[in-house]
Protein chains: 2
Amino acid sequence: MRRAESLREVLENDIVTGTYPAGTRLDEVMLATRFNVSRTPIREALIELSGAGLVEIRPRRGAFVREIGITRLIEMFEVMADLEAMCGRLAARRIRVEELAGLEQAHEACIHAKADGDPDAYFHANQAFHEAIYKASHNSFLEEQALLLQNRLKVYRRLQLRVPNRISGSLSEHGQIVEAIKAGDSQRAAEALRQHVLIQGERFNDFVASVAGHVKSGSSRS
Amino acid sequence: MRRAESLREVLENDIVTGTYPAGTRLDEVMLATRFNVSRTPIREALIELSGAGLVEIRPRRGAFVREIGITRLIEMFEVMADLEAMCGRLAARRIRVEELAGLEQAHEACIHAKADGDPDAYFHANQAFHEAIYKASHNSFLEEQALLLQNRLKVYRRLQLRVPNRISGSLSEHGQIVEAIKAGDSQRAAEALRQHVLIQGERFNDFVASVAGHVKSGSSRS
DNA sequence: GAAATTGCTCTTGTATACAAAGATCGTTGA
DNA sequence: TCAACGATCTTTGTATACAAGAGCAATTTC
């Protein structure tokens with residue numbers, strides 16, 4: 001693998017997990033010394049990240065972790081909801097028996113994670129659940145797009161799990177989604193998924209509004 | 001503007017218009033001499049293009065114009081149909097009077113282009129028509145995604161206009177779309193747009209199948 | 001004292017140099 | 001004659017060097 005590509009992965013992770021919060025200037029020499037490489041692979045990694053929308057390159061000014069306004073975030077959730085709805089619609093028609101088994105397993109894993117009271121485990125189990133649906137759409141391009149956008153929204157979805165009772169709600173929605181897909185009801189699967197994702201965007205909106213006065217933007221220290 | 005960025009635009013255009021057909025190896029030194037620059041900005045442009053999905057970079061092997069198989073193409077049209085449907089659904093609810101006027105104007109332009117028997121003009125008018133709908137969705141992220149995918153499919157959509165009577169069909173579908181949006185019927189607008197785009201994918205499939213035995217893949221000489 | 005301009009410095013963007021990994025072609029052996 | 005191995009040669013990936021634009025500060029002028 002190219003050095004630039006592995007660097008992209010590390011940087012992507014650092015951005016998504018909040019190590020480099022939105023607005024941070026990503027100095028090339030700083031990163032170069034951090035990773036013990038020259039500026040060249042760093043630049044290439046930053047360009048890749050800008051293509052993925054995680055970083056904004058302002059010519060002659062440098063690279064910055066992209067600031068995503070609340071409006072744009074809601075727009076992204078709106079699109080995510082539609083992509084997931086599409087996955088659900090196709091999955092209801094195209095899912096195979098072994099994939100359905102996998103989906104139900106993922107659902108079970110979510111239930112257990114909630115029972116254990118482990119939000120981190122729930123986050124990952126939830127992700128696996130959704131990815132199972134992407135895959136079951138049997139549209140690899142759609143799957144890629146969904147994964148891409150999911151990744152860009154990861155940090156916000158994670159934040160979103162802090163909303164009280166959200167996990168319970170999420171879980172019962174998962175149940176309905178599984179039922180619809182199992183029944184081959186594409187319309188119902190699509191709508192259930194759309195609402196499931198849309199509600200995240202809305203709740204997130206509430207969440208942001210409720211903490212807007214308390215915490216400074218960017219510094220999300222727990 | 002950075003040199004790399006302008007190079008990306010030129011290369012993107014060359015790929016989309018078929019100057020560099022699918023599978024072509026994009027030699028860095030060849031491009032560097034062509035544009036009278038060093039390899040550095042060329043490499044950066046290629047990386048950007050790989051992010052956009054137009055170019056595939058195989059490590060230590062070079063950059064190639066991405067080959068899009070018929071299966072993947074159909075998948076992309078399937079996603080495009082859904083994105084456009086979403087644009088239509090939102091546009092039906094959110095379009096403003098001046099935007100509606102613009103949409104109707106774009107529709108008129110399509111009609112005139114057909115009357116003039118100018119397929120090239122129709123192609124551009126058609127594009128403007130669709131872009132008007134993207135914009136009217138009032139979801140700038142969705143608009144960007146739709147434009148991106150539209151661009152990636154451009155060369156195939158263009159080919160698609162050669163199908164007999166396609167323009168007439170396309171035009172009447174446009175009429176129905178405008179009606180639905182005008183009426184604020186989001187469901188009908190979405191469905192009309194989905195079918196309008198899906199039919200392109202299907203017709204394209206037919207088209208490819210019908211010429212598969214006659215022309216060699218890649219060399220699309222008229 | 002404030003504002004504007006000029007010069008310096010810091011950082012990005014591009015060119016070039018170097019290293020390493022593939023590809024190609026020839027040679028040798030079976 | 002064909003296949004396999006090896007050397008060379010091409011090409012990518014990374015490092016370094018150089019150029020040029022942007023920001024900042026200090027000084028000068030009004």
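No hydrogens, no waters, no symmetry mates; every other heavy atom, side chains included, goes into these values. Letters A, B, ... are given to chains in the order of the sequence lines, protein chains preceding strands, and every chain is numbered from 1.
Listed candidates were dA20(D), dG13(D), dT16(D). Nearest to the side chain of Arg60(A) is dA20(D). When distances run from any side-chain atom of Ser38(A) to the nucleotides dA21(C), dA15(D), dT11(D), the shortest one goes to dA15(D). Nearest to the side-chain atoms of Arg25(B) among the listed nucleotides dT12(D), dG23(D), dG13(D) stands dT12(D). Of the candidate nucleotides dT14(D), dT11(D), dA15(C), dT11(D) has the atom nearest to the side chain of Asp27(B). Residue Arg39(A) has its side chain nearest to dT12(C) when only dG23(D), dT12(C), dG13(D) are considered.
Taking only side-chain nitrogens and oxygens, Arg61(B) never comes nearer than 4.0 Å to OP1 or OP2 of dT11(D). For dT14(C), neither phosphate oxygen OP1 nor OP2 lies less than 4.0 angstrom from any side-chain nitrogen or oxygen of Arg2(B).
Rounded to whole Å, the distance from CD on Glu28(B) to P on dG13(D) is 6 Å. The CD-P distance, from Glu5(B) to dT12(C), rounds to 16 Å in whole Å.
Ring geometry, His174(A) versus His130(A): the interplanar angle exceeds 60°, so the pair is classed perpendicular (tilted spans 30 to 60°).
Stacking of Arg72(B) on the aromatic ring of Phe141(A) is not recorded, the 6.0 Å distance cut-off and the 45° axial limit not both being met.
In terms of heavy atoms, Val65(B) sits closest to Pro21(B) at CB-O, 3.5 Å.
Side-chain contact between Ile133(A) and Ile177(A): present, with at least one pair of heavy atoms (C-beta onward) separated by less than 4.5 Å.
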